[in-house]
Amino acid sequence: MPSPAQQTSPAQLPPRPRSAPGTRVPTPGEVGLRRVLAVADVLLGAVEEGELVDRLLPVLRRSVPADTVLWLDSERRHPGSCRAEPPGSVSAEQAAVLAAHADDPLMAAAWHGAGTATRRSDLQTDHEFHRLPVFPALFAPLGARRQLVMTVRPDQQRRVVVLFNRSSPDFTQHDLAVAEAVRPRIGRALARFGGPAPRREKVSPREADVLDLLCRGLTDRQIATRLGISPRTVDKHLEHAYVKLGVRCRVQAATRWRS
């Protein structure tokens with residue numbers, strides 16, 4: 001037994017780490033809410049679907065922490081129908097491997113089931129996963145040992161499958177909750193665009209003239225002068241064009257018409 005002289009006094013003990021005054025560690029629920037709000041901010045700011053996908057994927061990768069994210073669209077004609085984040089981490093040929101392997105229960109649930117956020121580990125053991133042909137073909141080289149998938153439904157026909165991959169650890173219940181919270185929001189955002197390009201056949205020749213000048217940065221009064229009509233008529237032509245293009249303002253109309 002140590003002598004009193006050998007005993008360590010309280011003053012000699014290393015100090016306990018202290019958190020800074022007034023700081024508080026956020027709860028998992030608060031962290032999840034912040035992730036959902038970060039995605040919502042992106043969805044509100046996009047003008048075109050291609051822009052939305054470009055801005056959304058990096059935020060999704062941070063919101064549901066993953067090494068890579070795959071965006072797979074059932075409608076190949078839509079912008080970003082096959083995308084990966086980070087860019088270049090998965091080629092289009094590699095992503096096409098997913099469609100060729102119908103025996104993958106996780107992807108089958110995404111393409112044909114309800115599409116709710118689901119983890120690979122909820123459907124298969126690691127042994128069963130590693131025996132799938134798609135594992136050595138795509139997931140093993142990608143380092144995708146843990147996966148979470150969700151499906152976005154902009155309309156009754158179209159599906160967008162978002163696949164989150166990471167090496168470890170497995171996705172948590174909070175990750176599932178964040179994915180499930182953002183899933184319908186992304187679907188509604190995509191539904192706003194109504195297609196990959198403006199339906200020019202629905203726009204009248206005079207509305208097309210107005211849109212052409214709008215894209216050149218002219219005001220309503222300047223457009224009216226060029227076309228020999230009143231500014232009020234220009235405004236009416238734009239109102240009708242907004243409906244036909246599925247947009248809500250001048251900036252969206254000009255961007256969609258240019259595309």
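What you see is a predicted model; the values in this text were computed from it and never measured.
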Taking the side chain as everything from C-beta on, heavy atoms only, tell me whether F164 gets closer than 4.5 Å to D175. no
Of all residues at least two apart in sequence or in a different chain, which pass the side-chain hydrogen bond (donor to acceptor under 3.5 Å, both in side chains) check with T225? none
Which pair of non-hydrogen atoms, one from A189 and one from L43, has the smallest distance, and what is that distance? CB-CD2, 3.9 Å
Go through it in stages, so that I can follow the logic: the residues are R185 and V36, the test is side chain to side chain contact (heavy atoms under 4.5 Å, CB included), and I'd like the CA-CA distance, side-chain angles, deciding distance and then a yes or no. CA-CA 10 Å; R185 290 173 169 82; V36 173; 4.2 Å; yes
Would you mind reporting whether C82 and L72 have side-chain heavy atoms less than 4.5 Å apart? yes
Closest non-hydrogen atom pair, R153 against Q156: NH2-O, 2.8 Å
Could you pull out all donor-acceptor pairs under 3.5 Å where a side-chain atom in residues 129-149 meets a protein atom, sequence neighbours excluded?
unit_1, atom_1, unit_2, atom_2, d
H130, ND1, D126, O, 3.4
R145, NH1, A140, O, 3.3
R146, NH1, D126, OD1, 2.9
R146, NH2, D126, OD2, 3.3
Q147, OE1, R120, NE, 2.9
Q147, OE1, R120, NH2, 2.7
Q147, NE2, N165, OD1, 2.8

Do W71 and V160 have side chains that get closer than 4.5 Å, going by heavy atoms? yes
Over all atoms of both residues, closest heavy-atom pair of A84 and S89: CB-OG, 3.7 Å
To the nearest 0.5 angstrom, please state how far the CZ atom of R221 sits from the CZ atom of R226. 15.0 Å
Do V182 and V64 come within less than 4.5 Å of each other through their side chains, counting heavy atoms only? no
Smallest heavy-atom separation, S121 atom then D170 atom, equals OG-OD2, 2.5 Å
Check whether any side-chain heavy atom of L213 lies under 4.5 Å from a side-chain heavy atom of Q222, and answer yes or no. no
Can you tell if the side chain of L60 reaches within under 4.5 Å of the side chain of E85, non-hydrogen atoms only? no
Output a table of donor-acceptor pairs, distance under 3.5 Å, between side-chain atoms of residues 231-241 and any protein atom two or more places apart or on a different chain; print 'none' if there are none.
unit_1, atom_1, unit_2, atom_2, d
T233, OG1, S230, OG, 2.9
H240, ND1, K236, O, 3.4

Rounded distance (nearest 0.5 Å) linking atom CG of L214 with atom CG of D209: 12.5 Å
Using only atom types and a distance under 3.5 Å, with no angle test, would you say the side chain of R61 pairs donor to acceptor with the backbone of P65? no
Give, for atom CZ of R119 and atom OG1 of T172, the distance between the pair rounded to the nearest 0.5 Å. 7.5 Å
Residue pair V39 / V42, side-chain heavy-atom distance below 4.5 Å: no
Without swapping roles, check the side chain of R159 against the backbone of A110 for a donor-acceptor pair under 3.5 Å. yes
Taking atom CG of D212 and atom CG of L218, what is their separation to the nearest 0.5 Å? 11.0 Å
Rounded to the nearest 0.5 Å, how far does NZ of K244 lie from CD of E207? 3.5 Å
Apply side chain to side chain contact (heavy atoms under 4.5 Å, CB included) to the pair L227 and R206, showing each step before the final yes or no. CA-CA 9 Å; L227 298 180; R206 182 55 94 186; 3.5 Å; yes
Is the shortest side-chain N to carboxylate O distance from D155 to R158 below 4.0 Å? no
Kindly say whether A253 contributes a backbone atom to a donor-acceptor pair with the side chain of R250 at under 3.5 angstrom? no
In Å and rounded to the nearest 0.5 Å, what is the OG1 to CG distance from T151 to L163? 10.0 Å
Is any side-chain heavy atom of D73 closer than 4.5 Å to a side-chain heavy atom of R83? no
